[in-house]
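Counting starts at 1 for both ligands and their atoms, following the listed order.
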Amino acid sequence: MTDKITMVNGSVITPDKPVIPFIEGDGIGPDIWQASQRVFDAAIEKAYGGQRQVEWLEVLAGEKAFKATGEWLPQATLDTISEYLIAIKGPLTTPIGGGIRSLNVALRQELDLYVCLRPVRYFNGVPSPVKHPEKTDMVIFRENTEDIYAGIEFAEGSPEAAKLIAFLQNELGVTSIRFPETSGIGVKPISKEGTERLVRSAIEYAIEHQKSSVTLVHKGNIMKYTEGAFKNWGYQLAESEFADQVFTWNQYDQLKETKGVEAANEAQAAAEAAGKIIIKDSIADIFLQQILTRPAEFDVVATMNLNGDYISDALAAQVGGIGIAPGANINYQTGHAIFEATHGTAPKYAGQDKVNPSSVILSGTLMLEHIGWQEAADLIVNSLEKTIENKTVTYDFARLMDGAEKVSCSGFADLLIANM
Ligand SMILES: NC(=O)C1=CN([C@@H]2O[C@H](COP(=O)(O)OP(=O)(O)OC[C@H]3O[C@@H](n4cnc5c(N)ncnc54)[C@H](OP(=O)(O)O)[C@@H]3O)[C@@H](O)[C@H]2O)C=CC1
Ligand SMILES: O=C(O)CCC(=O)C(=O)O
Ligand SMILES: [Mg+2]
């Protein structure tokens with residue numbers, strides 16, 4: 001009998017034969033989904049010998065949905081994911097500079113999946129542009145429902161843009177819009193509630209996984225009441241809700257001011273010795289330099305939507321690129337979660353059975369861990385390590401590895417299954 005995954009008292013309850021909806025995705029989506037699904041099924045079969053099994057339920061979004069229903073994101077898709085709690089998806093296309101708004105963002109907003117969780121770790125043998133890729137081991141908590149992704153934007157020349165600019169100038173005394181006649185305009189909402197639930201999740205994750213620090217990444221020197229507020233609210237939340245478990249740079253600064261630098265250093269050293277998590281912050285531009293030059297100093301990263309988008313792809317590059325960068329969109333209160341790769345639809349490779357399916361496959365291992373099927377997740381990760389160490393890899397790795405054998409997307413999945 002198949003059944004639904006549910007959330008009971010904050011815990012995910014998984015029946016032996018759960019229904020899990022999936023969205024195949026646009027562009028390379030069908031190639032990587034088909035490869036990934038075979039790997040998931042093989043790992044589950046090997047781990048549980050038929051006692052556990054996923055019943056995959058296709059739901060439509062993107063181009064496939066539009067062709068079939070005339071809608072890009074049918075309500076039935078949202079309803080089904082909402083009902084079954086957990087889903088996994090391939091990438092969906094978003095046109096640039098016009099056309100539909102992002103379906104990926106819409107899914108996150110509609111289901112209020114406020115955390116975009118993107119773990120970044122190195123797999124032995126993966127080609128990387130840095131000397132010590134193994135030093136990059138971070139988990140990104142990207143706020144997933146606010147910021148300029150809220151989509152409050154008005155086009156240059158539109159009556160809405162003219163009205164909003166006139167309001168800013170006439171009612172709020174704004175004089176700094178350089179070319180008001182020809183400006184498009186966007187709004188960036190960042191809330192205390194949105195910040196708190198994101199930072200709370202990041203600190204809880206750090207505690208559960210025994211991480212040593214959480215870094216709040218922001219551009220609060222320039223955007224004081226959005227990104228600067230994120231930093232302040234983040235510190236306030238850490239100090240009020242996790243007083244016994246953390247030490248913050250804000251506390252360090254206060255001690256330095258009142259008792260001097262030695263007292264502040266001593267307090268931080270004592271906190272570290274006691275295993276407390278250090279909550280620190282970094283301005284986004286220098287952070288992008290420091291993750292390259294001093295990656296070992298960062299652990300869990302909590303940031304807003306746009307910063308998190310940039311940081312995800314930058315960190316993915318450090319450990320071998322977007323072909324191996326998984327992710328999950330999660331609401332820890334309702335239990336809703338959609339697992340998906342960090343990369344997009346790579347349209348030039350669509351239908352060529354060529355690209356690396358590892359990002360969706362590793363997103364699937366996050367999903368298996370999330371539903372408590374750790375044995376199946378471990379089988380996949382171990383097999384991925386072995387397959388990469390054997391130098392049998394897709395084009396993206398093969399072009400940077402000496403002596404590698406280039407395999408197709410489906411061929412890579414075959415090897416993962418054989419190596420389990
Ligand atoms: N969550 C989602 O669904 C996302 C959707 N998108 C959407 O995807 C579309 C295309 O975006 P674009 O900016 O080109 O970014 P993409 O991530 O789709 O592709 C950029 C490049 O990354 C490399 N790449 C991507 N996926 C893989 C893979 N699985 N294996 C190996 N290499 C890979 C390729 O590099 P190379 O050319 O060097 O071989 C590719 O040309 C846009 O519509 C965008 O909005 C983007 C990001 C996320
Ligand atoms: O929605 C999109 O098209 C892009 C999304 C994206 O870049 C991301 O999720 O990292
Ligand atoms: Mg992105």
Enquirer: Regarding Asp299 and Ser212, is there a side-chain donor-to-acceptor distance under 3.5 Å anywhere?
Expert: yes

Enquirer: So Gln251 and Gln268, do their side chains get closer than 4.5 Å, heavy atoms only?
Expert: no

Enquirer: Would you mind checking which non-hydrogen protein atom is closest to atom 18 (O) of ligand 1, with the distance to 0.1 Å?
Expert: Ala346 N, 2.7 Å

Enquirer: If you measure only the distance, is there a donor-acceptor pair under 3.5 Å linking the side chains of Lys231 and Asn250?
Expert: no

Enquirer: Just heavy atoms, cut-off under 4.0 Å: does Arg142 contact ligand 2 by side chain, backbone, both, or neither?
Expert: side chain

Enquirer: For atom 7 (C) of ligand 1, grab the closest protein heavy atom and report residue, atom and distance to one decimal in Å.
Expert: Leu92 O, 3.7 Å

Enquirer: As a test of reading the structure, name the N/O/S atom of Asp309 that is nearest the Mg ion (ligand 3).
Expert: OD1

Enquirer: Using a strict cut-off of 4.0 Å, indicate which atoms of ligand 2 neighbour a heavy atom of Arg108.
Expert: 8 (C), 9 (O)

Enquirer: Mind checking whether Trp33 and Trp56 have parallel, tilted or perpendicular rings, split at 30° and 60°?
Expert: perpendicular

Enquirer: May I ask you to decide if the ring planes of Trp72 and Phe66 are parallel, tilted or perpendicular, using 30° and 60° as cut-offs?
Expert: parallel

Enquirer: With a cut-off of 4.0 Å, which atoms of ligand 2 are near a heavy atom of Thr94?
Expert: 1 (O), 2 (C), 3 (O)

Enquirer: Can you check whether a protein heavy atom sits less than 4.0 angstrom from atom 12 (P) of ligand 1?
Expert: no

Enquirer: Just jot down the ligand 2 atoms closer than 4.0 angstrom to any heavy atom of Asn104, in number order.
Expert: 1 (O), 2 (C), 3 (O)

Enquirer: Counting heavy atoms only, which part of Arg118 comes closer than 4.0 Å to ligand 2: side chain, backbone, both or neither?
Expert: side chain

Enquirer: Between the side chains of Ser191 and Glu146, is a donor N or O closer than 3.5 angstrom to an acceptor N or O?
Expert: yes

Enquirer: What part of Thr342, side chain, backbone, both or neither, has a heavy atom within less than 4.0 angstrom of ligand 1?
Expert: backbone

Enquirer: I'd like to check which ligand 1 atoms, numbered from 1 as shown, lie under 4.0 Å from a non-hydrogen atom of Thr93.
Expert: 43 (O)

Enquirer: Given the protein's heavy atoms, is any one of them under 4.0 Å from atom 24 (N) of ligand 1?
Expert: yes

